[in-house]
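The structure under discussion appears below in the form of structure tokens.
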2 protein chains.
Amino acid sequence: MERKTANECTADQQLPALGIDPYLELMDKTTAQDADRKSIRMGLVMLWLSDNILDVMDVDLAPFGITESKLDMLLLLMLHEGRELITPSAIADRLGIRRASVTALLDWLEKRGWVSREQSAKDRRMIHVRITPEGRALVNQVLPTFWSTCASLLDDLDAEERKVFEKILSKLYQSIEKKVGVGR
Amino acid sequence: MERKTANECTADQQLPALGIDPYLELMDKTTAQDADRKSIRMGLVMLWLSDNILDVMDVDLAPFGITESKLDMLLLLMLHEGRELITPSAIADRLGIRRASVTALLDWLEKRGWVSREQSAKDRRMIHVRITPEGRALVNQVLPTFWSTCASLLDDLDAEERKVFEKILSKLYQSIEKKVGVGR
DNA sequence: CCAAATAGTTAGATTATCTAACTATGACTA
DNA sequence: TAGTCATAGTTAGATAATCTAACTATTTGG
């Protein structure tokens with residue numbers, strides 16, 4: 001969408017981005033431990049997939065004028081409707097980002113009328129953040145695309161593969177969760 | 001590494017970032033087509049994994065003072081040693097970014113002495129880019145970590161699972177390649 | 001009542017991108 | 001050969017998503 005204006009991208013490229021073949025080549029040159037090669041190879045593919053899956057989602061969300069980070073924020077707020085009121089600090093914790101980043105994100109969303117801030121009466125240091133009806137409308141408009149992009153990632157797997165993959169995914173999830181969670 | 005200074009991250013969070021549970025909850029509320037739910041669910045996990053896999057790599061590369069984008073560039077240059085000389089335009093095509101972005105990246109790497117630029121004698125519009133011995137040394141220092149991080153992504157899968165996963169990965173690779181490649 | 005903690009914001013920086021406009025330089029054509 | 005067009009690279013300026021550090025209210029707990 002953005003990456004193809006007139007005079008760019010001229011070469012004989014079949015792979016998007018670096019692709020993994022060059023890496024494989026380099027690996028063959030530099031790694032000694034033969035046993036690991038297959039794992040490394042697969043890890044490389046996972047890394048490449050990660051980059052490109054996020055790209056695909058970016059591209060699919062772009063027409064709605066929203067990004068994943070911002071959608072995340074709105075979804076979180078939507079989930080909180082009718083529950084305890086949520087504050088920027090709590091949002092920061094839930095999204096795993098700093099309070100200052102939440103401020104920036106909220107400023108942006110508020111400017112468009114998709115969220116509202118209100119100072120708490122009880123503790124006037126605190127701000128209650130809510131998604132607005134317009135914000136909710138936007139989310140509802142985006143969600144079908146979001147879900148279908150998610151689902152489309154598995155388009156080419158058959159029933160059998162999906163079944164196995166499900167198990168694998170849950171292992172990977174736990175495994176990465178462990179890695180990322182270390183040191184919190 | 002960066003995300004845990006003194007007074008931040010105070011809440012009762014077990015999942016890094018938003019996690020997927022909230023998404024699942026929202027999905028159950030909003031999606032009608034029951035058939036797709038499992039796919040969406042798995043797609044969500046893939047999306048979450050993508051984010052976090054890249055994070056893990058970021059964190060592991062950080063101590064070397066380099067990022068994935070920059071390492072990509074150096075690896076590409078390293079692969080080109082002893083072949084035809086490579087130009088910024090060609091690099092842009094290979095990395096899937098704009099020429100202007102390549103300029104910025106090269107400026108940064110050149111400032112640290114890891115790459116060098118030289119005007120072509122034949123066609124004085126062109127620049128030949130090379131990795132320097134220092135750059136090569138850096139890459140060689142980083143690579144063991146890079147490979148081991150790649151391999152570690154599969155740590156928790158057993159032999160059987162790896163075997164199946166290998167096939168699945170190659171399907172996913174092709175599938176996403178197709179999606180990303182559309183419109184080039 | 002005052003010191004310490006907490007909540008949110010501001011200021012300023014970084015990384016990785018992008019587009020658009022510009023500067024050389026080379027190539028083709030009338 | 002002059003004139004136009006294309007190509008290579010850079011510059012300028014923007015955006016998104018972060019970060020840290022410092023600041024301002026406000027509350028809480030002696």
Side-chain angles (χ1 to χ4, degrees), chain A residues 1-11 17 51 54-55 57-59 61-62 65-73 85-93 95-112 115 117-129, chain B residues 1-11 17 51 54-55 57-59 61-62 65-73 85-93 95-112 115 117-129:
Chain A
M1 215 143 230
E2 306 87 328
R3 297 194 172 165
K4 30 146 190 181
T5 333
N7 59 350
E8 296 274 356
C9 288
T10 56
D51 247 338
L54 294 176
D55 265 13
M57 186 53 91
D58 274 0
V59 167
L61 292 183
I66 201 159
T67 59
E68 256 211 87
S69 304
K70 285 157 188 167
L71 181 60
D72 262 12
M73 170 81 80
L85 295 163
I86 197 167
T87 63
S89 287
I91 294 173
D93 286 341
L95 298 181
I97 59 179
R98 298 308 188 141
R99 283 179 280 131
S101 309
V102 172
T103 299
L105 237 27
L106 287 178
D107 285 348
W108 193 95
L109 291 167
E110 197 180 31
K111 205 185 308 173
R112 275 147 249 246
V115 306
R117 286 193 257 217
E118 190 197 347
Q119 195 174 37
S120 160
K122 267 194 207 152
D123 183 338
R124 294 199 340 263
R125 286 172 301 181
M126 299 218 233
I127 299 280
H128 294 316
V129 184
Chain B
M1 218 140 228
E2 307 87 327
R3 296 195 172 164
K4 29 148 190 181
T5 333
N7 60 349
E8 296 274 356
C9 288
T10 55
D51 248 337
L54 295 176
D55 265 14
M57 187 52 91
D58 273 0
V59 167
L61 292 184
I66 202 158
T67 59
E68 256 211 87
S69 305
K70 285 155 186 168
L71 182 59
D72 262 12
M73 170 82 81
L85 295 163
I86 197 167
T87 63
S89 286
I91 294 174
D93 286 340
L95 298 181
I97 59 180
R98 297 309 188 140
R99 283 178 280 131
S101 309
V102 172
T103 300
L105 238 28
L106 287 178
D107 285 348
W108 193 95
L109 292 167
E110 196 180 33
K111 206 187 308 175
R112 273 145 252 248
V115 307
R117 287 195 254 216
E118 189 197 348
Q119 196 176 38
S120 160
K122 267 194 209 153
D123 183 338
R124 296 201 334 264
R125 288 171 300 180
M126 299 218 230
I127 298 279
H128 294 315
V129 184

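As the structure is a computational prediction, the values presented were derived from the model and not from experiment. Proteins get letters first, then strands, A, B, ... in listed order; numbering begins at 1 in each.
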Whole-Å distance separating the [atom1] atom of [X] from the [atom2] atom of [N]:
| X | N | atom1 | atom2 | value |
| --- | --- | --- | --- | --- |
| B:Arg124 | C:dT23 | CZ | C1' | 13 Å |
| B:Ile86 | D:dA8 | CD1 | P | 13 Å |
| A:Trp108 | D:dT18 | CH2 | C1' | 16 Å |
| A:Ile66 | D:dA17 | CD1 | C1' | 14 Å |

Provide the closest heavy-atom pair for A:Val129 versus A:Pro88 in the form atom of the first, atom of the second, distance.
CG2-CD, 3.8 Å

Partners passing side-chain contact (heavy atoms from CB on, under 4.5 Å) against A:Met126 (at least two apart in sequence or in another chain):
A:Thr87, A:Ser120, A:Asp123

Suppose we screen for side-chain contact (heavy atoms from CB on, under 4.5 Å). Which residues come up paired with A:Leu105, at least two apart in sequence or across chains?
A:Lys70, A:Met73, A:Ile97

Under 4.0 Å from OP1 or OP2 of [N]: is there any side-chain N or O of [X] that close?
| X | N | result |
| --- | --- | --- |
| A:Arg98 | D:dT20 | yes |
| B:Ser69 | C:dT15 | no |
| A:Ser101 | D:dC19 | yes |

Taking for each residue the nucleotide of DNA chain D bearing the nearest heavy atom, is the 5' side occupied by A:Thr67 or by A:Asp123?
A:Thr67

Taking only N/O atoms, report every protein-nucleotides 9-12 of chain D pair under 3.5 Å with atom names and distance.
residue, atom, partner, partner atom, Å
D:dG9, OP1, B:Ile127, N, 3.0
D:dG9, OP1, B:Ile127, O, 3.4
D:dG9, OP2, B:Ser89, N, 2.8
D:dG9, OP2, B:Ser89, OG, 2.6
D:dG9, N7, B:Arg99, NH1, 2.3
D:dT10, OP1, B:Arg117, NH1, 2.8
D:dT10, OP2, B:Thr103, OG1, 2.9
D:dT10, OP2, B:Arg117, NH1, 3.3

Could you tell me the separation between the [atom1] atom of [X] and the [atom2] atom of [Y], rounded to the nearest 0.5 Å?
| X | Y | atom1 | atom2 | value |
| --- | --- | --- | --- | --- |
| B:Ser69 | B:Leu61 | OG | CG | 10.5 Å |
| A:Arg117 | A:Leu109 | CZ | CG | 9.0 Å |
| A:Met57 | A:Leu54 | CE | CG | 9.0 Å |

Nucleotide nearest B:Lys70 when distance is taken to its side chain, options C:dG26, D:dC19, C:dT15:
C:dT15

